[in-house]
Amino acid sequence: MNGLGIMWLRQIKKYWRSRSRMIGSLGQPLLFLIALGFGFAPIYQKAGGGNYMQFLAPGVIAMSILFTAMFAGIEVIWDRQFGFLKETLVAPVSRTEIMLGRTLGGATVATLQGIVVFFLCLFFGFRPASIIHLFFAFIFMFLIATLFTALGTAVASQMEDMQAFPIIMNFLIMPLFFLSGALFPLEGLPTIIYYLTRLNPLSYGVDGLRGTLTGLTSFGLFSDLLILTTITLLITFIGAYSFSKIEI
Amino acid sequence: MKQNSSETLAISVKNLTKKFKEFVAVDNISFNVQQGEIFAFLGPNGAGKTTTIKMLTTLLHPTIGTLHVNNFDPIHQQEDARKSFGIVFQDPSLDDELTAYENMEFHAVLYHIPKKLRAERIQYLLNFVGLWDRKKDFVKTFSGGMKRRLEIARGLVHHPKILFLDEPTLGLDPQTRNHHWTYIKELNKNEKMTIFLTTHYMEEAQKIADKVAIIDHGKLLTQGSVKELLHNTQTKTLEEAFLKLTGNSIREEHSSAKERMRTANKIWGRK
Ligand SMILES: Nc1ncnc2c1ncn2[C@@H]1O[C@H](COP(=O)(O)OP(=O)(O)OP(=O)(O)O)[C@@H](O)[C@H]1O
Ligand SMILES: [Mg+2]
C-alpha cells in the first residue's frame with residue numbers, strides 16, 4: 001500500500017464506521033422523492049412529461065452524490081481544524097498523491113451513497129430502462145463524485161475554518177443542484193437559466209445519468225461523457241494545485 | 001579553517017524572517033545545528049519557535065531567508081526534505097476516528113516502512129509509550145496525555161535523521177516525561193539522530209541539550225552550549241539564565257483570542 005491507497009482507505013473506513021451518518025443523509029433524497037416525486041407527478045403528467053418519478057430519480061441520485069462528494073472534499077477543513085492535515089502534509093508523499101487519495105476515497109464513498117439512493121428509488125417505483133446500461137450509469141456516478149470531491153477539496157484548501165461553510169452551501173452547492181436539470185427538463189428555459197444550466201457541469205452529469213438509466217437525454221450520452229470527463233480532469237488538476245499550496 | 005562544513009550540518013538557517021501581514025513573528029534569525037546534536041530552541045510563549053519549526057518542516061514559506069534541512073532546501077526540495085525528518089507537533093495531529101494502531105500504521109505507510117518492519121516497530125513503540133493494550137481503541141477515547149504519548153510514538157516510527165519535537169512533554173506526567181527523555185537520548189546516541197526540540201521545562205532542556213538557542217519576540221537572543229550560556233549570564237541554572245535574558249513579564253501582547261483558546265485547549269487536553 002502507498003500514500004494514495006492509505007488516504008483512500010481512511011475515507012472508506014470512516015464511511016463504514018459512520019453508518020448512522022450514512023442512513024441520516026438518506027433523509028434528504030427521501031424527502032425529495034416523496035414530496036416532489038409524488039407532489040409534482042400529477043402536473044408533470046398533465047403537461048405531457050410522462051412519469052415524473054422516472055424523470056426525478058436520476059436527479060435525486062445525482063443530488064446525493066453531489067452533497068456527499070462536496071462534503072467529503074470539504075473535510076479538508078475539518079482535518080485542518082483537528083490538526084490531522086499537518087500529519088499528511090509533512091509526510092514524504094507528494095501532495096498530489098495525498099490529494100488524489102483523498103479525492104478517490106471521497107468519490108468512492110459518494111458513489112456508494114449514490115448506489116444506496118438508487119436502491120431507494122427502486123423502492124419508490126423507479127425502474128431503469130435497461131440493465132446493461134446500468135454499468136454506464138455507475139461510470140457517470142463515479143465521474144460526478146470525483147468532480148465534486150475535487151471541487152470541494154479545491155474550495156476547502158483555500159479556507160481556514162468552517163465559517164465559510166454556509167457560503168459554500170448557499171452559493172455553490174445549492175445553485176449547482178437547482179440549476180442542473182435534476183428537478184426539471186432543460187428544454188424551453190428562459191435565456192439566463194438556459195445559459196446557467198449549460199455552464200453547470202452537474203447538468204451533464206445528471207443528463208448522462210438520466211440517459212443511461214432511462215434512455216432520456218438532452219445532450220446525448222457521448223457529449224455528456226466527454227464534457228464531464230474533461231471538466232472532472234480539469235477540476236481535479238485545480239484541486240491538486242490548490243491543495244499543494246496549503247500553508248498551516 | 002572553517003570547522004562547520006555544510007556536510008556535517010543537520011540544519012542551517014540564515015537571516016530567516018517570517019511576517020504574518022504586518023506582524024513579524026520571526027525576525028532575521030540565523031543558527032546552525034550540527035549532525036547528531038540535541039538542540040533546544042527555547043523562548044517564551046509567542047516567541048516564534050513553532051513558526052520556525054513550521055518553516056523548517058515545509059509547512060510555511062519564509063518571507064525572507066535561506067534554510068537547509070539535511071542539506072535540502074525545504075522550499076524547493078520539499079519531498080527530499082520531508083523524507084529526512086520526523087516531527088511531533090505542538091498541537092494535536094491525530095485522527096480521532098481511527099484507532100491508535102491505525103494512526104501508527106497510517107504513518108508507517110506514508111513513510112514507506114516495509115510491511116514486515118511495520119508491525120514490529122508499531123508494537124515496540126506502542127509498548128514503549130504504554131499504549132499497546134489500548135491499540136484497538138479509538139483515539140477519541142484517549143486522555144490528553146495518552147494522545148501525546150501516541151504522537152511521540154508515531155513520530156519515531158520511521159527513524160528519521162532529524163526529529164523535531166515541539167513541546168513533546170506538554171501535558172505529560174513526570175514519570176512519562178523522564179521515560180521519554182531517556183528514550184530521546186538513546187535515539188540520539190544509538191541512531192545518531194539529530195534532535196531539535198522546544199520545551200518550557202528548563203531543567204529538562206538543561207539536562208538533555210548539547211546546544212541551546214533562546215528566542216524572544218522573533219529575535220534570537222543567544223546561542224551556544226549550556227555551559228557557555230551560564231558563564232556568559234553569570235547564572236547557575238538554565239532557568240535563571242532564561243529569565244535573565246527574557247525578563248519576567250508575561251507575553252500576552254500579541255496573543256489573539258484564537259491563540260488563547262488554543263493554549264487553554266492544550267492545557268486541558270481538549271481539541
Ligand atoms: N498563522 C498565523 N497568523 C498570524 N499570526 C501568527 C500565526 N501563527 C503564529 N502567529 C503569531 O506569531 C507569533 C509566534 O508564534 P509561535 O507559534 O511561533 O510561538 P511559539 O514560540 O511557538 O510560542 P508557544 O511557546 O506559545 O508555543 C505569535 O505572536 C503568534 O500569535
Ligand atoms: Mg509553539
Side-chain angles (χ1 to χ4, degrees), chain A residues 1-22 71-72 75-102 104-106 109 157 159-163 240-241 243-248, chain B residues 18 20 50-51 53-62 72 74 78-99 102-103 105-115 118 138-140 147 151 154-155 157-158 160 164 166 258 262 265-266 270-271:
Chain A
M1 177 148 350
N2 56 10
L4 191 141
I6 197 84
M7 290 307 301
W8 178 84
L9 188 64
R10 172 172 175 253
Q11 303 279 103
I12 307 300
K13 273 187 177 165
K14 286 189 160 194
Y15 177 70
W16 186 244
R17 281 173 192 168
S18 58
R19 267 158 294 176
S20 58
R21 227 182 291 167
M22 173 186 97
F71 288 173
E75 259 174 43
V76 171
I77 305 180
W78 289 119
D79 281 348
R80 178 192 281 245
Q81 209 147 338
F82 290 119
F84 186 73
L85 191 62
K86 292 193 290 269
E87 156 78 356
T88 56
L89 293 187
V90 293
V93 176
S94 77
R95 294 226 178 149
T96 310
E97 190 177 332
I98 301 278
M99 186 273 180
L100 287 180
R102 291 188 79 104
L104 287 178
V109 165
S157 300
M159 287 173 182
E160 294 253 316
D161 51 38
M162 267 318 201
Q163 282 186 3
Y241 178 79
F243 188 78
S244 77
K245 291 290 167 220
I246 294 182
E247 288 197 320
I248 293 224
Chain B
K18 177 71 192 179
F20 294 108
T50 300
T51 306
I53 290 186
K54 281 181 179 171
M55 289 189 278
L56 286 167
T57 55
T58 75
L59 285 175
L60 270 182
H61 280 308
F72 297 118
Q78 295 199 329
E79 277 168 51
D80 287 324
R82 286 182 190 139
K83 258 182 224 152
S84 69
F85 66 76
I87 177 166
V88 175
F89 297 100
Q90 178 175 356
D91 301 324
S93 65
L94 296 164
D95 189 334
D96 263 11
E97 288 180 46
L98 296 180
T99 65
E102 283 169 340
N103 267 285
E105 203 172 30
F106 188 96
H107 185 91
V109 172
L110 282 186
Y111 283 79
H112 317 292
I113 310 291
K115 194 162 184 176
R118 240 186 264 162
F138 288 109
V139 171
K140 61 184 164 203
K147 287 183 188 171
E151 290 196 271
R154 188 182 64 177
V157 169
H158 62 289
F164 290 94
D166 199 353
K258 198 174 152 194
R262 260 181 44 201
N265 288 350
K266 258 183 278 167
R270 288 187 310 232
K271 275 212 165 175

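Letters go in sequence order (proteins before strands), and every chain restarts at 1. Quick caveat: nothing in here was measured; it's all calculated off a predicted structure. Worth knowing before you read on, the calculation uses all heavy atoms, side chains too, and leaves out hydrogens, waters and symmetry mates.
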May I ask you to decide whether A:Asp79 forms a salt bridge with A:Arg10, counting only side-chain N to carboxylate O separations under 4.0 Å?
yes
Part of A:Ile98 lying under 4.5 Å from any heavy atom of chain B:
side chain
Sort B:Glu102 into side chain, backbone, both or neither according to what part of it lies under 4.5 angstrom from a heavy atom of chain A.
side chain
Side chain, backbone, both or neither: which part of A:Lys86 has an atom under 4.5 Å from a heavy atom of chain B?
both
Of all of A:Val90, A:Ile246, A:Ile248, which one pairs up most often with chain B through heavy atoms under 4.5 Å apart?
A:Val90
Got a salt bridge between B:Arg154 and A:Glu87, using NZ or NE/NH1/NH2 to carboxylate O under 4.0 Å?
yes
Which atoms of B:Ile87 come close to chain A, meaning under 4.5 Å heavy atom to heavy atom: side chain ones, backbone ones, both, or neither?
side chain
Side-chain heavy atoms of A:Trp16 within contact of A:Lys14, under 4.5 Å
no
Which bit of B:His112 is near chain A, if near means a heavy-atom gap under 4.5 Å: side chain, backbone, both or neither?
side chain
Between A:Arg17 and B:Glu97, does any NZ, NE, NH1 or NH2 come within less than 4.0 Å of an OD or OE carboxylate oxygen?
no
What part of B:Phe138 is in contact with chain A, defined as an atom under 4.5 angstrom from a non-hydrogen atom: side chain, backbone, both or neither?
side chain
Going by heavy atoms in the side chains, are B:Phe164 and B:Leu56 under 4.5 Å from each other?
yes
Is A:Lys245 close enough and on-axis enough to A:Phe243, meaning under 6.0 Å and within 45°, for cation-pi?
no
Using heavy-atom distances under 4.5 Å, tell me whether B:Phe106 contacts chain A through its side chain, its backbone, both, or neither.
both
For chain B, which candidate among A:Ser94, A:Ser18, A:Gly5 shows the most heavy-atom pairs at distances under 4.5 Å?
A:Ser94
For atom CD of A:Gln163, decide whether the heavy atoms of other residues, nucleotides or ligands shown that lie under 6.0 angstrom number more than 12.
no
